[in-house]
Amino acid sequence: MAEAARTQMALTVASEKWAPEFDKGRAWRTRIGFVLISSDHLIEEDMMRMAPEGVCVHFTRSHMPIGCTVENLAAMESGLAASAAELMPEFEVPVICYACTSGTAVMGEAAVIRELKRANPERQATTLLTGVVEGLRALSAQKIVMGTPYTDDVTSVVAQYMQKSGFELLNVQGLNLVYDKDITRVTPAYIREFAKAIDHPDADAIFLSCGGFRAIDVIDQIEQDTGKPVVTSNQGMMWNCLRLAGISDQFDGYGRLLREH
């Protein structure tokens, strides 16, 4: 065995001359990067499900103390730039997105984008909540209802952000959950019933907040139940990132926003 090991260590490779054939790889249309919170385990799957052919999605994580609280969300700001800098540094990634609804509301869109751009000044920086707001505007929604899994103090921060963005909130309800391990286990069937329960006759659209909510599974069903467009955190984020990257595909399975706009 020792003699064989010495022989292997002494081996020197001298390859012939090769001329590899290259194409644009699996990301032949574009790449999109996402900065996740450290405990997230849903957004990756959702983005891969919704990404059209030729669009690759990539992920890095930024530290956040355990528990979705205002204090913990605010603590993320100092680490965003370092996390964003680690995201596919060798590759062209035209769009990078901070993938947390409540974190954007707590820190503010401007602060988040500043930190993402500090690490990657050449990349377009956006946030999950930016996608939600732009998605609702694309649907011409002004009066909305909002459902979240958060505690009431976190829900209040997101609701105030939506008000400042120009929306009238006719009903706002939260499930008062603190931990991602609980948020991600809320069943899509319950989310569907929750959305119908918070609807208001005068609402133009329904917004289901949180990247950890399995809401994309039931967008079409809720729209059929209520006759209204539904914007969820992950659906709105993907729609916005695709558009920023120059991808205008329209496809079924995830609501009116991705089907028609």
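Keep in mind that this is a model prediction, so the values were computed, not measured.
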Might you point out which heavy atoms bring Ser165 and Arg137 nearest each other, and give the distance in Å? O-NH2, 3.0 Å
Can you see which heavy atom on Ala84 is nearest to which on Leu116, and at what distance? CB-CD2, 3.9 Å
Name the orientation class of the two ring planes belonging to Tyr254 and Phe251 (parallel below 30°, tilted from 30 to 60°, perpendicular beyond 60°). perpendicular
Angle class for the Phe194/Phe213 ring planes (parallel below 30°, perpendicular above 60°, tilted otherwise)? perpendicular
Salt-bridged, [X] to [Y], with N to O below 4.0 Å?
| X | Y | result |
| --- | --- | --- |
| Arg114 | Glu77 | yes |
| Glu44 | Arg61 | yes |
| Asp182 | Arg185 | yes |

Working to the nearest 0.5 angstrom, can you tell me the gap between Ile96 CD1 and Gln124 CD?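 Those atoms lie 11.5 Å apart.
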Is there side-chain contact between [X] and [Y], with at least one heavy-atom pair below 4.5 Å?
| X | Y | result |
| --- | --- | --- |
| Arg259 | Asp220 | yes |
| Thr60 | Met88 | no |
| Asn120 | Leu87 | no |
| Phe34 | Cys241 | yes |
| Val172 | Thr155 | yes |
| Asn234 | Met50 | yes |

Neighbour count >12 (heavy atoms, 6.0 Å) for atom [atom1], [X]:
| X | atom1 | value |
| --- | --- | --- |
| Gln250 | CD | yes |
| Glu92 | CD | no |
| Glu260 | CD | yes |

Do side-chain atoms of [X] reach the backbone of [Y] as a donor and acceptor pair under 3.5 angstrom?
| X | Y | answer |
| --- | --- | --- |
| Ser38 | His63 | no |
| Asp204 | Lys143 | yes |
| Trp239 | His261 | yes |
| Arg31 | Ala27 | no |

What salt bridge (charged side-chain N to carboxylate O under 4.0 Å, His left out) pairs are there with at least one residue in residues 230-246, not counting sequence neighbours? none
Side-chain H-bond candidate by donor/acceptor type, Ser62 with Ser83, under 3.5 Å: yes
Under 3.5 Å, is there a donor-acceptor pair linking the side chains of Thr104 and Tyr98? no
Thr127 and Glu109: CA distance, side-chain angles, deciding distance, side chain to side chain donor-acceptor pair (under 3.5 Å) verdict: CA-CA 7 Å; Thr127 79; Glu109 179 190 41; 4.7 Å; no
Other than Phe22, which residues form its hydrophobic cluster under the rule that side-chain heavy atoms must be closer than 4.5 Å?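 Hydrophobic cluster check, Phe22: no partners found.
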